[in-house]
Amino acid sequence: MRTPAPRLRVPAPPYLLHVHPAAVIVATPAKLNLYLEILGKRPDGYHQLETLMVAIDLYDTLECTLRTDGQIVLECDHPALPRDAANLAVQAALRLREWAGRPELGATLRLHKRIPLQAGLGGGSSDAAAALVALQQLWKLALTRHELLAMAASVGSDVPFFLSAAAAWCTGRGEVVEAEWMGDVLHAVVVCPPRGLSTAEVYRQVRVPAAPRNGTAARAALQAGDAAALAQSGFNRLQEAAFLLDPRLETLCRRLAARAPWGAMLSGSGSALFALCPSRDHARTLAAAIRTPTDEPAPRVFVVRSVPSDGLVLI
Ligand code: C5P
């Protein structure tokens, strides 16, 4: 008989690493969508969805320091990242300052990027959540939880998740977050092809199903800590659209699935693919098998686990 799963509820990200009156540093994770179904298209152009998300131990770090010149400046080690209001972290900072009605507030945001861009891993949304938490501390602003979540949702559909839970069932356009229990830590291999995908473009291609699926089995598997059942009930409605936009992604997914114990799928709107594994050792072996030096340019391969309840491990 299976022993009852422990009920893990991991503290919500982002994680404060350092708090000082003049500087706040936070670590903020990536996410995987274990299940994603589209229920319909909304009058505002967004899609009504149901998704099961977990935070994984692949982190960006954001250091915010005070400026006295009223400027909001983003510094980042990734050359392709926009530094202006097109960046969600900058957008979050601008909205927070506007809410405060204090145009003199300034900050330098130093972003150390590890989460790949345009991967469906939520990196931009996670950075925005990090900026909200860090700057709220640094600028000594007292938003209510409700105000903070509303501001997060106005920046992007996934941002509230990164302020709310390490595992959650998300509905609406993704911004309505219900924290989820996890029965066990999940292990996975994440494969990021060199070419990313635009979220808006993938949604434009998606076919709204006449009879949407039901995510109950996936939720139950996560709660039970049954990774095999979770992989079996895993689904992503955006996958077909992403494969249409980039057929090489389908080939890569097949290659990963052929070597993985329980198959592979797309995360969010892609282009990252992932395979759940029974253990970290399995994940390491699979990662080594999928890293072939002949791929040019090579996809990036990460061995990850769901955000651990026993503290941070920065990779
Ligand atoms: O909310 P966010 O800015 O992250 O969404 C990016 C784009 O993805 C939107 O402009 C929209 O085209 C698409 N999207 C959607 N339905 C959702 C979430 C995103 O159509 N639920």
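Each ligand, and each atom within it, is numbered from 1 in the order the structure gives.
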Using side-chain heavy atoms (C-beta onward) and a distance below 4.5 Å, is Leu249 in contact with Ser271? yes
Determine, using the 4.5 Å side-chain heavy-atom cutoff (strictly less than), whether Leu94 and Leu143 are members of one ILVMFWY cluster. yes
Can you list everything that forms a ring pair (Phe, Tyr, Trp, His ring centres under 6.0 Å) with Tyr203? Sequence neighbours excluded, please. His47
Inter- and intrachain pairs under salt bridge (charged side-chain N to carboxylate O under 4.0 Å, His left out), touching residues 13-22, at least two apart: none
Show the distances, to 0.1 Å, for all pairs joining an N/O atom of ligand 1 and a protein N/O atom that are shorter than 3.5 Å, listing one pair per line.
from: ligand 1; atom 1: 1 (O); to: Ser157; atom 2: N; distance (Å): 3.0
from: ligand 1; atom 1: 1 (O); to: Ser157; atom 2: OG; distance (Å): 2.5
from: ligand 1; atom 1: 16 (N); to: His47; atom 2: N; distance (Å): 2.9
from: ligand 1; atom 1: 20 (O); to: His47; atom 2: ND1; distance (Å): 2.8
from: ligand 1; atom 1: 21 (N); to: His47; atom 2: O; distance (Å): 2.8
from: ligand 1; atom 1: 21 (N); to: Arg173; atom 2: O; distance (Å): 2.9

Pairs satisfying salt bridge (charged side-chain N to carboxylate O under 4.0 Å, His left out), at least one member in residues 131-142, at least two apart: none
Are any non-hydrogen side-chain atoms of Met151 and Gln136 less than 4.5 angstrom apart? no
